[in-house]
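Everything below concerns the one structure shown next.
Naming: A, B, ... by sequence-line order, numbering from 1 per chain. Just so you know, these numbers come straight off a predicted model, no measurement behind them.
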Amino acid sequence: MSISKTYNPKEAEDKWYTYWMEKGFFRSIPDDREPYTIVMPPPNVTGVLHMGHMLNNTIQDVLIRRARMQGKNACWVPGTDHASIATEAKVVAMLKEQGINKKDLTREQFLEHAWEWKEKYGGIILKQLEKLGASCDWERTKFTMEPDLSDAVIDTFIRLYRKGYIYRGVRMVNWDPQGRTALSDEEVIRKEVNQTLYYVRYAVKGTGDTPSYLTIATTRPETIMADTAVCINPNDPRYAHLKGKTALVPLINREIPIIEDEYVDMEFGTGCLKVTPAHDLNDYELGQKHNLEVIDILNDDGTLNDKAQLLVGEDRFKARKSVAKLLEEAGQLEKTEPYKSQVGFSERTDAAIEPKLSMQWFCRMQELAKPALDYVVNGEVKLIPDKFISTYRHWMENIKDWTISRQLWWGQRIPAWYNTQNEWVVAKTEAEARALFEAEGKSTEGIRQEEDVLDTWFSSGLWPMSVFDGTRHPDNADIRYYYPTSDLVTAPEILFFWVARMIIFGHEYRGQPPFKNVYLTGIVRDKLGRKMSKSLGNSPDPIELMAQYGTDGVRVGMLLSSPAGNDLMFDVAYCEQGRNFANKIWNAFRLVKGWEVAAIPASSAQHEAASWFGHRFNQAIAEIEDHFTSYRISDALMATYKFVWDDFCSWYLELVKPAYQQPIAKETFEATKGFFEAVLKLIHPFMPFISEELWHDELFGERSEQDCCMIAEYPTAGVFDEPTLSDFAVLQQVISEIRNLRNAKQISPKTPLPLAIHASSGIDFKRYAESIQKMANVSAVSFADGKQAGSTSFLVGKDEFYVSLAQSIDADAERERITKEIDYLNGFLKAVNAKLANERFVQNAKPEIVANERNKKADAEAKIKRLEEHLANL
RNA sequence: GGGAGCUUAGCUCAGCUGGUUCAGAGCACCUGCCUUACAAGCAGGGGGUCACUGGUUCGAACCCAGUAGCUCCCA
């Protein structure tokens, strides 16, 4: 081992990751141990590692490593998601660069390119996860579009179809004109957009000779050609005269009815609404109610079609301006005003969503959602933090049918088959489809498969089962052993997209939810609280961060400030803190490694330190355990951090450290090595690399090939003795007081000072005399019974301590200090006395609380008495 | 418009069933130290009207109501 002053993570990282892989430590096969399973939320194949992945996978790795060390059969299944629309968009763009237009390719040719792309780039993110130390069972790596997983998807479609959950119909869907596909509601992101409200005049017919018109406010003038009615509120006196009349659509002069419906908001705009059933969801519903014609004037790509009669072929946004101009020229544009409103955008392509009527496949959700809601409500699936339960409930209780078809090629093609009459059947293969047609007495002529593929979430919903092939072979050893999995770590944004659907599918197939706990991480933001994004350029590259601060440092940095469900205000300062922590451990190790061992007895300080630290260790493990049990991972880390830095380094090691060039007692050395080894195990889940690196140092002797920190037994809390711990806490206070004194009086730490103790608490300070001398640079400890003239004094608990300073003491300053303390205690005493004098308190409060107040009173009084004596002695 | 949540030190956050000296932690800050493990460090220190206003209670950061500000989700 090098004796470099700072820890150098680079070589350790590559070395140990490779070693673990070679030894097969990440591999999991069912056996008779308790399983602990996590399925990784599969990143998109298009993805590159970003800070969100970093956080998410670090948490998973901490959980899985700890479980593994606890002797569980830990299985972390990695994989990637085919991400239909994102990947297809990427491949289309790539082809375009090569001068290839998707339109010129057959489905098969396109898919060939797509697979080629996937093989080339699809594994990047998994490779990056290795840098992070992810201890996944890579032999189990899955991809949502590989044959068996696709098979599971198709089977599920057929299964749900046969059960009546899947249907086909014309509905208003969210249309992405750029991706040219339907999207589910969850894939639409609403944003506030500055728009223009156009006030458009429609001529009214049948008002006699006087030409009359009504004015309608709209943000979408380009859709007027698709209007099939004008609607007014029947209670609106302003428009009573319009009842039963008709209006003319501007520019094209098509006659449309004026209908009445209370749906119309009289306050908004002019109180007149244009009804465009083909291009607005609410208008569509209105149209259904009033039996209106539906005129769809848009092509799939968002350009106007010939039904528009005008501007055919022009893009909707360009057409908006053109129509406005035409209206103006025709004198039918009354005015315009700025207006803010919510507009939907495609999550993947960021194109403005066009509500569009189209034939799609849907999954009926209400019935399926019921058990999935119950699991969460009754706690069989725990959401962490539980504040998400109400959000989940709200969504599940108001769930709508799910649009599952996508007009894309990259994905699982819907197993529906059509004949030339457009009749259809659902079947896995063409042969089965033919048989079904024939059985129904229908023609099989021109049989062809549905062009659409299934929504990606349909396949990721099966993920916790399909990775174990659990839908196709529900009794296979893997699924029986690993399902339900233990913990799922994911982001709240996809609670519905993904988590809910996994629970739904899990219940459907196995009557059991797919996991027991769902740990919801926050969003990684920059320190100003902004979401990290490419356009802002505020997202650091995790790979570079790891190179700079070391993987362990970055892992610690990520976790330090990320309680579950809270957004993380990321700042590289946290990584720096993580790096410094690694360095601290490194240097503690250098200290121990440098010791020369001799056959000498342990000193008193060494003896007391080892005794205390053993108890403290057990206490710390219990604390950390408690944090982990409640999934307070950042707290578990902080407890570990403080335990290692403060208790181990600042107290234990300083106490046992031999004087310069002096040897250490073998007994103490061995104890220290044991503690150090346990510390390495404790930090391993958080800091896998440095712990493994040090584990193999020759200090610990020969290790067998299999003897790694990674698979060592995680420490468990033994009993700890409270009195030992509380006595030591007093000792620590005494030492701090003396150091403080020195600091306040500007006395060099090198100047030894004598200490006299007047103990009345019963603590045996003789035991600690040497420890105090060593830690506070005290020349001699004596025991007295009060009155140490010429000394400065302080109290710790009931015990009095006198330090005789080399310089003469400043009596006035001492008097002031002590008086201040007495004043404080008197104030405190007053409050306590007030409580005790209050009859209702004594009567109502719990007896132990009252007793406690009496103790506080007695303590304060005793302290005051002693301080007054000190004052008198000055 | 409907739903959920947040507001505690300069920053990021803890604070379980109201009851010790309960106002905490880490970082940052200030002071003094190159003490031969570590200046990526050591020792010490300062810092908050617990958003605001009322209420309940013997007692409120904690429970209730209202106000203000912020965030997220759904429409």
Side-chain angles (χ1 to χ4, degrees), chain A residues 3-7 185-186 190 281-282 342 385 387-395 397-398 400 492-493 495-496 522-523 525 527 529 549-550 553 557 560-563 565-571 573-574 576-595 626-627 630 632 634-635 637-639 641-642 645 649-650 653-654 657 659-661 735-744 746-750 775-777 824-825 827-828 831-832 834-846 848-857 859-860 863:
Chain A
I3 44 154
S4 150
K5 261 172 101 164
T6 49
Y7 168 56
D185 292 343
E186 290 72 35
R190 274 165 221 284
L281 180 57
N282 295 315
Q342 297 274 320
K387 67 176 178 186
F388 287 107
I389 295 173
S390 36
T391 317
Y392 181 85
R393 179 208 295 273
H394 191 255
W395 193 76
E397 283 173 349
N398 296 288
K400 297 205 198 113
E493 305 137 73
L495 193 55
F496 312 127
I523 297 166
R525 298 171 178 278
K527 62 177 167 184
Y549 296 101
L560 270 176
S561 63
S562 63
N566 274 25
D567 285 0
L568 180 155
M569 306 301 159
F570 181 80
D571 189 335
Y574 289 115
E576 211 175 310
Q577 194 181 349
R579 177 202 60 184
N580 294 355
F581 185 40
N583 198 46
K584 182 74 187 176
I585 296 164
W586 179 260
N587 278 292
F589 192 82
R590 284 179 60 216
L591 171 70
V592 176
K593 195 177 162 61
W595 286 340
D626 183 50
H627 288 312
S630 318
R632 293 186 303 256
S634 54
D635 289 343
L637 171 58
M638 187 43 76
Y641 178 92
K642 285 196 276 189
W645 200 305
C649 295
S650 298
L653 288 179
E654 289 298 337
K657 185 161 118 180
Y660 183 53
Q661 286 191 332
I735 292 165
S736 289
E737 286 284 359
I738 300 171
R739 287 169 170 174
N740 184 12
L741 208 72
R742 210 189 282 279
N743 246 309
Q746 310 267 11
I747 301 166
S748 158
K750 286 174 186 157
M775 297 296 275
N777 193 16
Y824 169 79
L825 283 166
F828 177 69
V832 174
K835 270 193 194 180
L836 287 169
N838 185 335
E839 270 176 47
R840 283 185 295 183
F841 169 72
V842 181
Q843 266 163 21
N844 295 333
K846 284 184 240 160
E848 61 266 33
I849 304 281
V850 179
N852 212 344
E853 290 302 311
R854 297 220 160 92
N855 282 339
K856 277 157 69 177
K857 178 181 157 84
D859 282 356
K863 273 190 182 176

When the distance from CD of A:Glu576 to P of B:G26 is rounded to whole Å, what number comes out?
17 Å
Report the residue (A:Glu853 or A:Cys649) whose heavy-atom-nearest nucleotide on RNA chain B is the more 5′ of the two.
A:Glu853
How many Å lie between NZ on A:Lys835 and C1' on B:U21, as a whole number?
11 Å
Under 4.0 angstrom between A:Arg840 side-chain N/O and B:C58 OP1 or OP2
yes
From C-beta outward on A:Lys856, which listed nucleotide comes closest to its side chain: B:G19, B:G26, B:U21?
B:U21
Provide the Watson-Crick or G-U wobble partner of B:U7, both distances under 3.5 Å; none if there is no partner.
B:A68
Could you work out the separation of B:G19 and B:G10 based on their C1' atoms and round it to a whole Å?
32 Å
For B:G19, take OP1 and OP2 only and decide whether either is under 4.0 Å from a side-chain N or O of A:Lys846.
no
Taking the nucleotide of RNA chain B with the closest heavy atom to each, which residue, A:His394 or A:Lys863, is nearer the 5' end?
A:His394
Separation of atom CZ in A:Arg393 from atom C1' in B:G3, rounded to whole Å:
12 Å
Proximity to the side chain of A:Tyr574 - top-ranked nucleotide from B:A25, B:U12, B:A37
B:U12
Counting side-chain heavy atoms from C-beta on, which of B:C38, B:G26, B:G41 comes nearest to A:Asn580?
B:G41
Options B:C38, B:G26, B:A43, nucleotide nearest the side-chain atoms of A:Lys5:
B:C38
Report the nucleotide, chosen from B:A40, B:G19, B:G3, that has the shortest atom-to-atom distance to any side-chain atom of A:Asn583.
B:A40
Side-chain donor or acceptor of A:Gln577 under 3.5 Å from a matching atom on the base of B:A28?
no
When the ring planes of A:Tyr7 and A:Trp586 are compared, do they come out parallel, tilted or perpendicular, using 30° and 60° as the limits?
tilted
Starting from C1' on B:A37, measure out to CD1 on A:Ile585 and report it in whole angstrom.
13 Å
Distance between P atoms of B:A61 and B:U53 (Å, rounded)
13 Å
Nearest of B:G19, B:C58, B:A40 to any side-chain atom of A:Arg579?
B:A40
The nucleotide from B:A25, B:C58, B:U21 with an atom nearest the side chain of A:Phe841 is B:C58
Any idea which of B:G19, B:G45, B:G26 is nearest the A:Asn740 side chain?
B:G45
What is the base-pairing partner of B:C42, counting Watson-Crick and G-U wobble geometry with both distances under 3.5 Å?
B:G32
Candidate nucleotides B:C73, B:G44, B:C42, ranked by approach to the side chain of A:Lys584 - the nearest:
B:C42
For A:Phe581, report the nucleic acid contact type (base, sugar-phosphate, nothing); a contact means any heavy atom under 4.0 Å.
nothing
Complementary nucleotide of B:A60, counting Watson-Crick and G-U pairs under 3.5 Å:
none
With rounding to whole Å, what would you report as the distance between B:A51 and B:C34 at their P atoms?
44 Å
I need the CG-P distance between A:Asp567 and B:C11, as an integer number of Å.
17 Å
Work out how far the C1' atom of B:A28 is from that of B:A9, and round it to whole angstrom.
11 Å
Any side-chain N or O of A:Tyr392 less than 4.0 Å from the OP1 or OP2 oxygen of B:A4?
no
Is A:Trp645 close enough to B:A25 that one of its side-chain N or O atoms is under 4.0 Å from OP1 or OP2 there?
no
Pair assignment for B:A14, Watson-Crick or G-U wobble, requiring both distances under 3.5 Å
none
Give the rounded distance in Å between these two atoms: CG of A:Leu836 and C1' of B:U20.
12 Å
Do the non-hydrogen side-chain atoms of A:Asp571 and A:Glu576 ever get within less than 4.5 Å of each other?
no
Between the main-chain N or O of A:Pro749 and the side-chain N or O of A:Asn777, is there a donor-acceptor pair closer than 3.5 Å?
yes
Whole-Å distance separating the CD atom of A:Gln661 from the P atom of B:A37:
10 Å
Is the phosphate of B:G3 approached by A:Thr391 (side-chain N or O, under 4.0 Å from OP1 or OP2)?
no
Base, sugar-phosphate alone, or nothing: which one does A:Gln843 contact when heavy atoms must sit under 4.0 Å apart?
nothing
Using the C1' atoms only, state how far B:C33 lies from B:C38, rounded to an integer number of Å.
15 Å
With no hydrogens and no angle check, is any side-chain donor or acceptor of A:Ser748 less than 3.5 Å from a backbone partner on A:Lys750?
yes
Does the A:Asn587 side chain pair with the main chain of A:Lys5, one donor and one acceptor, at a distance under 3.5 Å?
yes
Quote, to the nearest angstrom, the C1' distance that separates B:G47 from B:A39.
25 Å
Minimum heavy-atom separation for A:Lys835 and A:Phe841, please, with both atom names.
O-CD2, 3.2 Å
Given B:G26, B:U21, B:A37, which nucleotide is nearest the side-chain atoms of A:Leu825?
B:U21
Phosphate OP1/OP2 of B:C58: any A:Asn838 side-chain N/O under 4.0 Å
no
Who pairs with B:A23 - Watson-Crick or G-U, where each distance is under 3.5 Å
none
Which pair of non-hydrogen atoms, one from A:Met775 and one from A:Ser650, has the smallest distance, and what is that distance?
CE-O, 3.7 Å
Side-chain donor/acceptor of A:Asn844 to backbone N/O of A:Arg840, under 3.5 Å
yes
Rounded to whole Å, the CE-P distance (A:Met638 to B:A14) equals 13 Å
Distance below 4.0 Å between A:Lys400 side-chain N/O and B:A75 OP1 or OP2
yes
Is the side chain of A:Asn583 donor-acceptor paired with the backbone N or O of A:Arg579 at a distance under 3.5 Å, no angle test?
no
Using Watson-Crick geometry (N1-N3 plus N6-O4 or O6-N4) or G-U wobble (N1-O2, O6-N3), each under 3.5 Å, B:C50 is paired with none
